[in-house]
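Heads up: the structure comes next, in structure tokens.
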Amino acid sequence: MVQCYSIILWKKAEKNDKSFNQIAEDAFSVLEVFKNFSSEFRPNYLSAASKKEVREFDWDYNSFYSLLKSGVNKEGKEIFKDLGYSVSFFSSKEDEKSCGINLHVGAKNERLLNTLIVDLPISFDMCKVENAKIIYDLFSGLVNVFRPFWGCVSDNILSKRYRP
């Protein structure tokens, strides 16, 4: 049986006076936590509609700033900044070794949450003590920077199906 794990962090909506610049700086700080870990956990690629459109993630703050700003919710010409900004990444082009990272920040509507979801690679064996320590360290690092009100490491075996 294949186990699939995720790190899930929830943070309350931002205060209305928090600027986009502050939101982007905080979000980039969250991503920088991943630099302390092996490449299988890092946001190496930007998510795309197809594998042909995949681009490497440039660890430059200005590039990230533009990427985050383009992740705003919109309908036609109407922009909904109070709903926040979303970006997603993955670590490897090999599906079994890939870690997915979804970050939603900047939500100012009090009924919404800012979230960080890290889907760990399917090939990652959490039963090994050294791997559990890696996840503990990653979880702790992300909590210290993202500052959620709730978080967990979840076993998603019932919510996902793996097909080799």
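Note that the numbering runs from 1 along the sequence shown for the chain.
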Margin query: Are the side chains of S98 and S91 in contact, using a 4.5 Å heavy-atom criterion?
Written below: yes
dist I23:CD1 -> K108:NZ (nearest 0.5 Å) comes out at 4.5 Å
Measure the shortest side-chain to side-chain distance between I135 and Y5 over non-hydrogen atoms and say whether it is less than 4.5 angstrom. no
Q. Crowded around E110 CD? As in, over 12 foreign heavy atoms under 6.0 Å?
A. no
For F34 and V118 the tightest heavy-atom approach is CZ-CG2, 3.8 Å
### Query
Does K81 NZ have over 12 foreign heavy atoms under 6.0 Å away?
no
Between F80 and V72, the two heavy atoms sitting closest are O-CG2, 4.1 Å
Is there a side-chain contact between L142 and L138 (heavy atoms, below 4.5 Å)? yes
K69 to F20, cation-pi by 6.0 Å centre distance and 45° axis angle:
yes
Exercise. Are the aromatic ring centres of F57 and Y45 under 6.0 angstrom apart?
Worked result: no
**OP:** Could you label the plane-to-plane angle of the Y61 and F64 rings as parallel, tilted or perpendicular, counting under 30° as parallel and over 60° as perpendicular?
**Re:** tilted
Item to complete: State, with a plain yes or no, whether a side-chain heavy atom of L112 is found less than 4.5 Å away from one of N109.
Response: yes
Query raised in the report: Any side-chain heavy-atom pair from E40 and C99 closer than 4.5 angstrom?
Result: no
Tightest non-hydrogen contact, residues N102 and S88, listed as OD1-CB, 2.9 Å
>> With a 4.5 Å cut-off on side-chain heavy atoms, are K12 and N114 touching?
In response: no
Residue pairs meeting ring-ring contact (aromatic ring centres under 6.0 Å, His included), one or both in residues 127-152, sequence neighbours left out, come to W10-W150
Correct closest heavy-atom pair for V105 and L68 would be CG2-CD1, 4.0 Å
Exercise for review: Could you check if a side-chain atom of I122 sits within less than 4.5 angstrom of a side-chain atom of C4, using non-hydrogen atoms only?
Suggested key: yes
Distance col, row S86:OG vs L83:CG, nearest 0.5 angstrom, shows 9.5 Å
d(F124 CZ, K97 NZ) to nearest 0.5 Å is 13.5 Å
Value for CZ (F28) from OG (S63), rounded to nearest 0.5 Å, stands at 9.0 Å
Rounding to 0.5 Å, atoms CG (L120) and CD1 (I101) come to a distance of 9.5 Å
Looking only at heavy atoms, the pair that brings L113 and H104 closest together is O-CD2, 3.5 Å
In terms of heavy-atom contacts, N73 and G84 come closest through ND2-O, 3.6 Å
The reported gap from CZ in F90 to CG in N44 (rounded to nearest 0.5 angstrom) is 9.0 Å
